[in-house]
Amino acid sequence: MQPSFKGSDGTELSLSIERGPAGAPTLLFINGLACPHMYWEGMRNAFRGRATLVSFDLKGHGTSDPARTAGGATIEGCARDAVLALDAANAREAVVLGFSLGCQIGLEISRAHSDRVAGYVLALGAFEMPFATVLSGKLGPVPHALISGVPTAFVRMSLKWGGRVMTSGYAHRLAQRASMVGKNTPLAVMSPFYKHMGSIDAGTWIALAQSARDHSAATLLSAIRVPTLVVAGGRDTLTPPSVGRTMAEGIPGADYLEIPNATHTGLLDEETAIVGGVHRFFERNGLSRAAETPRQVT
């Protein structure tokens with residue numbers, strides 16, 4: 001039976017714990033909206049055996065149940081879930097690694113539980129209102145309006161249909177041309193993400209998207225006092241590098257790493273560069289065994 005724990009509203013959430021050696025740091029991986037764990041595989045492979053690795057599926061994603069309450073399907077509710085995942089892993093604190101929406105969730109942890117955060121790696125995500133910057137803001141208020149008025153049945157159909165269509169080579173190539181997916185990321189690598197889309201609970205997806213749209217961690221940035229690395233992609237059309245730079249500038253002492261050719265799928269298409277940057281960050285900040293030479297990313 002797959003391990004699980006009860007989230008902030010009692011929702012049953014899947015949990016993955018891979019124990020590292022005694023004294024090693026704990027790394028907590030937080031996924032993005034609609035994302036399965038596959039985005040973190042390169043990072044997990046690199047630091048397996050050097051740290052305790054903890055991850056969980058967001059509500060309504062993967063093998064986690066749909067959110068039981070509206071309050072559970074929020075950035076704040078997911079941040080409470082993350083703390084509960086650490087409790088389930090018997091981890092006092094962790095380096096929090098957030099991808100996309102996971103950056104907002106990770107930052108929100110510091111509002112009430114800053115003592116549980118030993119450091120941050122914030123990759124390809126925003127600290128507030130992420131849909132406002134899609135295509136560098138050229139769409140204006142359109143994404144916000146769409147999220148507000150979209151019927152659940154339509155989202156359910158779109159997720160299932162999108163998952164099927166995107167597994168075709170043609171649709172995948174279109175996504176690459178639009179810089180939504182890295183040009184060197186093959187269909188075989190993205191297929192688990194596309195297939196996962198069809199299984200996401202539509203109601204939970206809408207609630208999380210609406211919460212992300214309105215959420216801001218801007219007031220939290222200046223109070224962060226732990227080592228922080230912000231990773232941005234030069235070709236990321238969902239979260240442009242200007243967002244990452246602003247976030248890094250707002251966090252005292254934060255490191256900033258911009259990968260010129262990385263899109264929003266940079267954890268996959270620029271895996272070696274990002275893993276290398278995270279390793280150097282760990283090394284500079286003395287994060288125990290995780291700072292040892294990481295396993296070769298293949």
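We use all heavy atoms of the structure for the numbers below, so side chains are in, but hydrogens, waters and symmetry mates are not.
- Taking each heavy atom of Pro25 and Leu287 in turn, the nearest pair found is CG-O, 3.6 Å.
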Exercise. When you look at Arg213 and Met129, which way does the side-chain contact (heavy atoms from CB on, under 4.5 Å) test go after all the steps?
Worked result: CA-CA 5 Å; Arg213 175 199 62 191; Met129 301 175 286; 6.0 Å; no
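- The shortest distance between side-chain heavy atoms of Arg156 and Thr152 falls below 4.5 Å.
- Placement of Leu220 and Met247 in two distinct hydrophobic clusters is found when ILVMFWY residues are connected by side-chain heavy-atom separations under 4.5 Å, directly or transitively.
- Rounding to the nearest 0.5 angstrom, the gap separating the OG atom in Ser168 from the CG atom in Leu187 is 7.5 Å.
- Contact check on Glu108 versus Arg80 returns no salt bridge, with no Lys/Arg side-chain nitrogen under 4.0 Å from an Asp/Glu carboxylate oxygen.
- Placement of Met38 and Leu53 within a single hydrophobic cluster is found when ILVMFWY residues are connected by side-chain heavy-atom separations under 4.5 Å, directly or transitively.
- At most 12 heavy atoms of other shown residues, nucleotides or ligands fall within 6.0 angstrom of atom CZ in Arg164.
- Judged purely by atom type and a 3.5 angstrom limit, His172 has no side-chain atom pairing as donor or acceptor with the backbone of Val165.
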Between side-chain atoms of residues 84-102 and protein atoms elsewhere (two or more places apart, or another chain), which donor-acceptor pairs fall under 3.5 Å?
residue, atom, partner, partner atom, Å
Asp87, OD1, Arg116, NH1, 3.1
Asp87, OD1, Arg116, NH2, 2.8
Ser100, OG, His264, NE2, 2.9

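- Across every non-hydrogen atom of Gly233 and Pro241, the tightest pair is O-CD, 3.3 Å.
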For this session: Carefully, step by step, assess Leu221 and Leu107 under the rule side-chain contact (heavy atoms from CB on, under 4.5 Å).
Result: CA-CA 8 Å; Leu221 300 183; Leu107 287 167; 4.1 Å; yes
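- Heavy-atom minimum distance, Ala34 versus Trp205: CB-NE1, 4.0 Å.
- Checking Asp57 against His37 by side-chain atom types alone, a donor-acceptor pair falls below 3.5 Å.
- Val189 and Phe29 fall within the same hydrophobic cluster, where Ile, Leu, Val, Met, Phe, Trp and Tyr residues are linked whenever their side-chain heavy atoms come under 4.5 Å apart, directly or through other members.
- With hydrogens and angles ignored, the 3.5 Å screen pairs a side-chain donor or acceptor of Ser211 with a backbone N or O of Ile75.
- Side chain of Gln176 to backbone of Lys183: a donor-acceptor contact under 3.5 angstrom is found.
- At least one donor-acceptor pair under 3.5 Å links the side chain of Thr204 to the backbone N or O of Ala67.
- No donor-acceptor pair under 3.5 Å is formed between the side chain of Thr239 and the backbone N or O of Thr237.
- At least one side-chain heavy atom of His61 sits under 4.5 Å from a side-chain heavy atom of Leu33.
- Proximity of a side-chain donor or acceptor of Gln104 to a complementary backbone N or O of Ala126 within less than 3.5 Å is not detected.
- In this structure, Arg280 and Asp255 have side chains that are not in contact, with every pair of non-hydrogen atoms separated by 4.5 Å or more.
- The closest donor-acceptor contact from the side chain of Lys6 to the backbone of Glu12 lies at 3.5 Å or more, if one exists at all.
- Between Arg44 and Glu41, at least one side-chain N (NZ, or NE/NH1/NH2) sits under 4.0 Å from a carboxylate O, which counts as a salt bridge.
- Side-chain contact check for Asp9 and Thr69: at least one donor-acceptor pair (N or O, by modelled atom type) lies under 3.5 Å.
- Rounding to the nearest 0.5 Å gives a distance of 9.0 Å between NE2 of His215 and CD1 of Ile105.
- Annotation: side chain of Glu18 is in contact with side chain of Arg48 (closest heavy-atom distance under 4.5 Å).
- No hydrogens or angles considered: a donor-acceptor pair under 3.5 Å links the side chains of Asp269 and Thr263.
- Note that CG of Asp115 and NE2 of His113 are 7.5 Å apart. Values are rounded to the nearest 0.5 Å.
- Distance check: Thr265 OG1 to Arg235 CZ gives 9.5 Å after rounding to the nearest 0.5 Å.
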For this session: Run the numbers on Ser55 and Asn31 for side-chain hydrogen bond (donor to acceptor under 3.5 Å, both in side chains), then give the verdict.
Result: CA-CA 8 Å; Ser55 60; Asn31 298 331; over 6 Å; no
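- Taking 4.5 Å as the limit, some side-chain heavy atom of Val278 sits within range of a side-chain heavy atom of Leu229.
- Pro21 and Gly49 get closest at one heavy-atom pair: CD-O, 3.2 Å.
- The backbone N or O of Phe56 lies less than 3.5 Å from no partner atom in the side chain of Ser14, so there is not a single donor-acceptor pair.
- Across every non-hydrogen atom of Asn184 and Pro186, the tightest pair is O-CD, 3.2 Å.
- Side chains of Thr11 and Pro66 form no contact here, defined as non-hydrogen atoms less than 4.5 Å apart.
- In summary, Glu258 and Arg245 engage in a salt bridge, as defined by a charged side-chain N under 4.0 Å from a carboxylate O.
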For this session: Carefully, step by step, assess Ile274 and Ile259 under the rule side-chain contact (heavy atoms from CB on, under 4.5 Å).
Result: CA-CA 8 Å; Ile274 294 177; Ile259 309 297; 3.9 Å; yes
For this session: Walk me through it: do His196 and Ile200 pass the test side-chain contact (heavy atoms from CB on, under 4.5 Å)?
Result: CA-CA 7 Å; His196 173 257; Ile200 296 169; 3.7 Å; yes
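- Residues Pro36 and Pro192 approach most closely at CG-O, 4.3 Å, considering heavy atoms.
- With hydrogens and angles disregarded, no donor-acceptor distance shorter than 3.5 Å links the side chain of Tyr256 to the backbone of Gly244.
- A donor and an acceptor atom, one from each side chain of Thr52 and Arg19, are nowhere located under 3.5 Å apart.
- Taking CD1 from Ile109 and OH from Tyr120, the interatomic distance works out to 5.5 Å, rounded to the nearest 0.5 Å.
- Residues Leu238 and Leu124 have side chains not in contact (no heavy-atom distance under 4.5 Å, counting atoms from C-beta outward).
- Distance check: Met166 CE to Ser191 OG gives 9.5 Å after rounding to the nearest 0.5 Å.
- The shortest side-chain heavy-atom distance between Leu267 and Glu271 does not fall under the 4.5 Å cut-off.
- Under a 4.0 Å N-O distance rule, the pair Asp81/Lys59 qualifies as a salt bridge.
- A donor-acceptor contact shorter than 3.5 Å links the side chain of Thr74 to the backbone of Gly77.
- Both Met157 and Val155 are members of a single hydrophobic cluster when ILVMFWY side chains are connected at heavy-atom separations under 4.5 Å.
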